[in-house]
K.L.:
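Could you have a look at this structure, given as structure tokens, before my questions?
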Amino acid sequence: MGIEFLVLFQQILRIAVPYVLTSVGASFSERGGVVNLALEGMMLAGAFGAAIGEYYTGSAAAGIALALVSGLSVAFLHAFVTVSMKADQIVSGIAINILVMGATRFGLSVFFGSAMNSARIKGIEVSSVFVDPLFLAALFSVVTGQFLLFRTPYGLRLRAAGESAETADSAGIRVSAMRYSGVLVSGALAALAGAFLVFQQHSFTEGMSAGRGYIALAAMIIGKWNPAGAALASLMFASAEAAEMWLQSGFLPTQLVQSLPYVITLLVLAGFVGKAVAPRDLGVPYDKGRRLLK
């Protein structure tokens, strides 16, 4: 029984890693005032970059580096469209997700001659999830993210940009720079989440993020735009997903079991979203000297 519990516990932690990384990153983006539905695309771009990087170099470190470049590129695009061009943030996020989905499918055909999956890669071979560098990065992101957002001048400025951009501007804070930084942090962490998925699966498959970006966004909302709270909510969703895997061999219909994580997401959101208060200027574009109305 003890061994089975340890296996289940490690499985939950392994599933939680991409949720934790992405939801912590989402906290930075949305605390700065930018709605980030593009997390799914950032994660997928990171996963593809990691697969390409390791396949052509044989190095997991190179895969992670290319994952970061890919995720940051998508994040920069989202920031440019929403912060600089003042475009609708919801539309931008959805459009970027569709763009990345198509781009990675095209990339698969170019680099691997397949529209479905890449060649096998080695990934990061470790004896336990506890010593996986990306698991440790997820832990580090929670502690560091919590400290940066609530214990540093940078965090104060970023939160000011999301709560009241007009007040922040009048205090000399560069609202656009703060918002760019929040989106870029989210892109970097979502890219690491994508790299973790690829290394666990040992290949890139079409659409392998499979809605994790949206669930991570839900975890961030449940966690009240707080890295520690987002991480705890991510563990809850990971537990639901692990339960799904363990129940598939039981007496319940497979379709019902597979829907479990999404049903739990809806139920928990229904209970929490009304109680969680978003940053006041979340989703509101801002021009220096004047606040744009929704």
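From a predicted model like this one, the values you see are computed outputs, not experimental measurements. FYI, side chains are in, hydrogens and waters are out, and symmetry mates aren't considered; it's all heavy atoms of this structure.
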K.L.:
For a side-chain contact (heavy atoms from CB on, under 4.5 Å) check, start with the C-alpha distance between L149 and S27, then their side-chain angles and the critical distance, and finish with the verdict.
P.N.:
CA-CA 9 Å; L149 276 178; S27 299; 4.3 Å; yes

K.L.:
So do H78 and M42 actually touch side chain to side chain, heavy atoms under 4.5 Å?
P.N.:
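With C-beta onward as the side chain, the pair touches.
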
K.L.:
Scan side-chain atoms only and decide if S209 and E40 contain a donor-acceptor pair under the 3.5 Å cut-off.
P.N.:
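Yes - a donor-acceptor pair under 3.5 Å links their side chains.
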
K.L.:
Would you say that F196 contacts R14 through its side chain, given a criterion of any heavy-atom pair below 4.5 Å between the two side chains?
P.N.:
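Counting from C-beta outward, F196 and R14 do come under 4.5 Å.
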
K.L.:
Would you kindly say whether N36 and S186 are connected by a side-chain donor-acceptor distance under 3.5 Å?
P.N.:
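There is such a pair between these side chains.
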
K.L.:
Quick one: sort the Y154 and F28 rings into parallel, tilted or perpendicular, breaks at 30° and 60°.
P.N.:
parallel

K.L.:
Locate the shortest heavy-atom distance separating A160 from I173; write the atom from each residue and the value.
P.N.:
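The answer is CB-CD1, 4.2 Å.
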
K.L.:
Between Q11 and A242, which heavy-atom pair has the shortest distance, and what is it?
P.N.:
OE1-CB, 4.2 Å

K.L.:
Would you say Y56 and L66 are hydrophobically clustered, going by side-chain heavy atoms of ILVMFWY under 4.5 Å?
P.N.:
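They do share one cluster, since a chain of ILVMFWY contacts under 4.5 Å joins Y56 to L66.
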
K.L.:
Dump the intermediate steps for side-chain contact (heavy atoms from CB on, under 4.5 Å) on L282 and V35, then the final yes or no.
P.N.:
CA-CA 6 Å; L282 178 62; V35 176; 3.7 Å; yes

K.L.:
Where does the angle between the aromatic ring planes of F9 and F130 fall among parallel (under 30°), tilted (30 to 60°) and perpendicular (over 60°)?
P.N.:
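Plane angle between 30° and 60°, so tilted.
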
K.L.:
Do S128 and Q10 meet the criterion of a side-chain donor-acceptor pair at a distance under 3.5 Å?
P.N.:
yes

K.L.:
Just checking, is any N or O donor in the side chain of S118 or S203 under 3.5 Å from an acceptor N or O on the other one?
P.N.:
no

K.L.:
For the pair S23 and L217, evaluate side-chain contact (heavy atoms from CB on, under 4.5 Å) and give the outcome as yes or no after the intermediate values.
P.N.:
CA-CA 6 Å; S23 63; L217 192 66; over 6 Å; no

K.L.:
Is any side-chain heavy atom of M116 less than 4.5 Å from a side-chain heavy atom of T205?
P.N.:
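No. Closest side-chain heavy atoms not under 4.5 Å.
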
K.L.:
Under 3.5 Å, is there a donor-acceptor pair between the D169 and Y286 side chains?
P.N.:
yes

K.L.:
Do V198 and F106 share a hydrophobic cluster, counting only Ile, Leu, Val, Met, Phe, Trp and Tyr and linking them when any side-chain heavy atoms are less than 4.5 Å apart?
P.N.:
yes

K.L.:
Is R105 salt-bridged to E206, going by a charged N under 4.0 Å from an acidic O?
P.N.:
yes

K.L.:
Same cluster for L136 and L235 if Ile/Leu/Val/Met/Phe/Trp/Tyr side chains link at under 4.5 Å?
P.N.:
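As far as the 4.5 Å side-chain criterion goes, L235 and L136 are connected within one cluster.
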
K.L.:
Hydrophobic clusters here meaning ILVMFWY residues chained together by side-chain heavy-atom distances under 4.5 Å, can you tell me if V83 and F80 are in one?
P.N.:
yes

K.L.:
What verdict does the side-chain contact (heavy atoms from CB on, under 4.5 Å) test give for V100 and T104, after you've listed the backbone C-alpha separation in whole Å, the side-chain angles of each residue and the deciding distance to 0.1 Å?
P.N.:
CA-CA 6 Å; V100 175; T104 51; 4.0 Å; yes

K.L.:
Evaluate the side-chain proximity of E241 to R212: yes if any heavy-atom separation is below 4.5 Å, no if none is.
P.N.:
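Counting from C-beta outward, R212 and E241 do come under 4.5 Å.
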
K.L.:
Indicate yes or no: at least one non-hydrogen side-chain atom of D281 is less than 4.5 angstrom from one of E166.
P.N.:
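With C-beta onward as the side chain, the pair stays apart.
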
K.L.:
Quick check: Y180 with F76 (ring centres under 6.0 Å apart)?
P.N.:
yes

K.L.:
Can you hop from V143 to V129 via hydrophobic side chains spaced under 4.5 Å?
P.N.:
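Different hydrophobic clusters.
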
K.L.:
Pair F112, Y55 - check ring pair (Phe, Tyr, Trp, His ring centres under 6.0 Å), show working.
P.N.:
CA-CA 10 Å; F112 301 105; Y55 179 74; 5.0 Å; yes

K.L.:
Decide yes or no for F48 and L108: does some side-chain heavy atom of the first lie under 4.5 Å from some side-chain heavy atom of the second?
P.N.:
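Touching, per the 4.5 Å side-chain cut-off.
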
